[in-house]
Amino acid sequence: MKIVFMGTPDFSVPVLERLIKEHDVICVYTRVPKEAGRGHELKKSPVHLVAEKYGIEVRTPKTLRNDTAQEEFRALKADVAVVAAYGLILPKPVIEAFKYGCLNVHASLLPRWRGAAPIQRAIEAGDEKSGVTIMQIVEALDAGAMYQKGEVAITPDMTGGDLHDKLSLMGADLMSDVLSRIDEIKPQPQNEALVTYASKLEKEEEKLDFTMPAMFLEYKIRAFNPFPATYFEYQGERFKVLKAKVVDAHAQSGVIIEGKTALQIACADKALEILQIQRQGKRMMQIDELLRGFEFQKNTQLA
RNA sequence: CGCGGGAUAGAGCAGUCCGGUAGCUCGUCAGGCUCAUAACCUGAAGGUCGUUGGUUCAAAUCCUUCUCCCGCAA
């Protein structure tokens with residue numbers, strides 16, 4: 001089976017590597033290298049680097065919405081395109097270019113969490129399970145028929161990063177399996193009544209709002225770990241919060257209940273005890289490490 | 001050349017602006033107290049202040065080279 005792979009971030013890499021080992025990847029599409037990081041250097045995507053390592057042709061069109069790009073795509077004469085977090089919308093001519101169309105790895109149990117940030121949204125919402133769905137790509141976003149699903153339990157200590165890694169590996173397994181017996185599987189349509197959307201993560205969401213219930217914030221902190229991470233501001237300095245737990249303490253929302261032996265901040269109902277933190281300019285560290293040389297003033301009201 | 005912060009004892013920090021014996025909390029080690037303790041008391045060890053060069057009577061501190069870490073923004 002000749003495959004065209006389309007993907008961009010770390011999530012896509014295990015899928016690509018698996019397909020390279022077990023199938024025939026003839027070309028890789030990924031987002032163009034862009035300015036990123038300090039100094040705005042041009043950075044190739046993780047998928048780009050892996051493809052180069054294996055000596056596979058890499059294409060980085062800015063869009064697929066024109067005849068030239070579509071013709072080049074069709075000219076590959078592959079059997080199927082496998083898409084994993086590519087980052088570009090696929091127009092109809094691309095979707096229908098090959099015999100088996102385009103198969104997608106989506107990091108949720110569809111139809112729940114269609115959209116951009118299914119991994120984080122699942123944890124943020126307090127879901128007890130998540131998973132991966134292998135599905136057909138259609139024009140409507142994440143709405144295609146489903147070939148196969150795999151479930152993962154979301155444990156109380158699982159972060160967005162943890163779940164991301166698990167789903168990524170599971171996606172590689174499932175996709176490889178589906179491709180091996182694609183003619184035997186009859187894809188199932190999604191139940192439109194159960195659809196929910198996972199909107200992309202916005203900057204404003206990263207700031208902790210202590211007028212929310214503590215449990216809600218704990219979910220969010222976990223979901224946003226390690227990226228993009230939540231934060232609060234204390235004396236003009238930004239502190240990223242990577243891990244916290246709900247404790248039974250009460251005070252006005254946003255007030256620091258304890259800041260020397262531990263860091264407890266009051267929320268709408270109970271309080272949040274911060275366990276892992278990253279001070280501006282410093283590494284991420286356990287809270288007790290920071291508190292050896294730094295003290296948060298008790299009773300300070302955080303904005 | 002996008003903007004900015006940082007590197008000081010095993011850990012976390014202060015000291016740097018305004019050069020003048022390197023400090024705090026914790027940990028470690030020794031001793032003491034205690035039925036006992038992650039408790040308490042006493043004492044000790046542990047740092048060429050990231051690297052290079054310079055200014056100076058004198059540099060953690062001022063200027064300079066390089067390396068590494070990080071926040072923002074994209």
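So that the names make sense, note that chain A is the first sequence line, chain B the second, and so on, each numbered from 1. Because the structure is a prediction, the values reported are computed rather than measured.
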| query | Who does B:U42 pair with, Watson-Crick or G-U, both distances under 3.5 Å? | reply | B:A30

| task | Would you kindly compare A:K34 and A:Q278 by the position of their nearest RNA chain B nucleotide and give the one closer to the 5′ end? | result | A:Q278

| query | Now, which nucleotide makes the Watson-Crick or G-U wobble pair with B:G12, with each of the two distances under 3.5 Å? | reply | B:C24

| field | Counter-base of B:C72, judged by Watson-Crick or G-U geometry with both distances under 3.5 Å | value | B:G2

| said: Are A:Y234 and A:F296 an aromatic pair, judged by ring center distance below 6.0 Å? | reply: yes

| request: Can you tell me, in whole Å, how much space there is between the P of B:C49 and that of B:U61? | output: 9 Å

| query | Could you state the CZ-P distance from A:F239 to B:G12, rounded to the nearest angstrom? | reply | 15 Å

| Atom CD of A:E35 to atom P of B:A74: distance rounded to whole Å? | 13 Å

| request: Take atom P in B:G50 and the same atom in B:U8, then report the distance between them in whole Å. | output: 6 Å

| message | Using atom P in both nucleotides, what's the gap between B:A45 and B:C35 to the nearest angstrom? | response | 32 Å

| field | Interatomic distance where CD1 belongs to A:I287 and P belongs to B:C13 [whole Å] | value | 11 Å

| request: Could you tell me whether a side-chain N or O of A:Q278 sits under 3.5 Å from a main-chain N or O of A:K282, the two making a donor and an acceptor? | output: yes

| request: Kindly say if A:K282 contacts the phosphate of B:A7, meaning a side-chain N or O under 4.0 Å from OP1 or OP2. | output: no

| query | What integer number of Å spans the P atoms of B:G20 and B:C62? | reply | 11 Å

| Quick one: A:E233 CD to B:G71 C1', roughly how many Å, whole number? | 12 Å

| query | Between B:A73 atom C1' and A:Y231 atom OH, what is the distance in whole Å? | reply | 13 Å

| said: Distance check needed: B:A7 P versus A:R283 CZ, whole Å only. | reply: 13 Å

| A:G39 vs A:P228, nearer the 5' end of RNA chain B by closest nucleotide | A:G39

| message | So A:K203, base contact, sugar-phosphate only, or nothing? Heavy-atom distance under 4.0 Å. | response | sugar-phosphate

| note | Picking from B:G12, B:A74, B:C70, the nucleotide nearest the side-chain atoms of A:R38 would be B:C70

| field | Complementary nucleotide for B:A7 - Watson-Crick or wobble, under 3.5 Å | value | B:U67

| query | Does a side-chain heavy-atom distance below 4.5 Å link A:Y100 with A:L179? | reply | no

| task | To the nearest Å, give me how far apart CE (A:M285) and P (B:G10) are. | result | 16 Å

| message | Suppose you measure atom P in B:G23 against the same atom in B:G15; what distance do you get, rounded to whole Å? | response | 16 Å

| request: Using the P atom as the reference point in each nucleotide, state the distance between B:A59 and B:G19 in Å, no decimals. | output: 13 Å

| Which one, B:G71, B:A74, B:C13, comes nearest to the side chain of A:Q280? | B:G71

| note | From the candidates B:C69, B:C13, B:G71, the one with an atom nearest any side-chain atom of A:K240 is B:G71

| query | How many angstroms lie between CG in A:L208 and CD1 in A:I274, if you round to the nearest 0.5 Å? | reply | 7.0 Å

| note | Side-chain atoms of A:H40 come closest, of B:G2, B:A7, B:C26, to B:G2

| Separation between the C1' atoms of B:C24 and B:A9, rounded to whole Å | 12 Å

| note | From the candidates B:A74, B:G71, B:G12, the one with an atom nearest any side-chain atom of A:R292 is B:G12

| If we only count heavy atoms from C-beta on, is the A:S12 to A:V15 side-chain gap below 4.5 Å? | no

| query | To the nearest angstrom, how far is A:E289 atom CD from B:C69 atom P? | reply | 18 Å

| task | Name the nucleic acid region contacted by A:E237, choosing base, sugar-phosphate or nothing; use a 4.0 angstrom heavy-atom cut-off, strictly under. | result | nothing

| remark: The Watson-Crick or G-U wobble partner of B:C49, with both key distances under 3.5 Å, is none

| message | Say we look at B:C18 and B:C29: how far apart would their P atoms be, to the nearest angstrom? | response | 44 Å

| note | The reported gap from CE in A:M215 to SG in A:C267 (rounded to nearest 0.5 angstrom) is 11.0 Å

| field | Nearest-neighbour nucleotide for the A:R279 side chain, B:G4, B:A14, B:G6 considered | value | B:A14

| request: Decide, yes or no, whether a salt bridge links A:E204 with A:K207 under the criterion of side-chain N to carboxylate O below 4.0 Å. | output: no

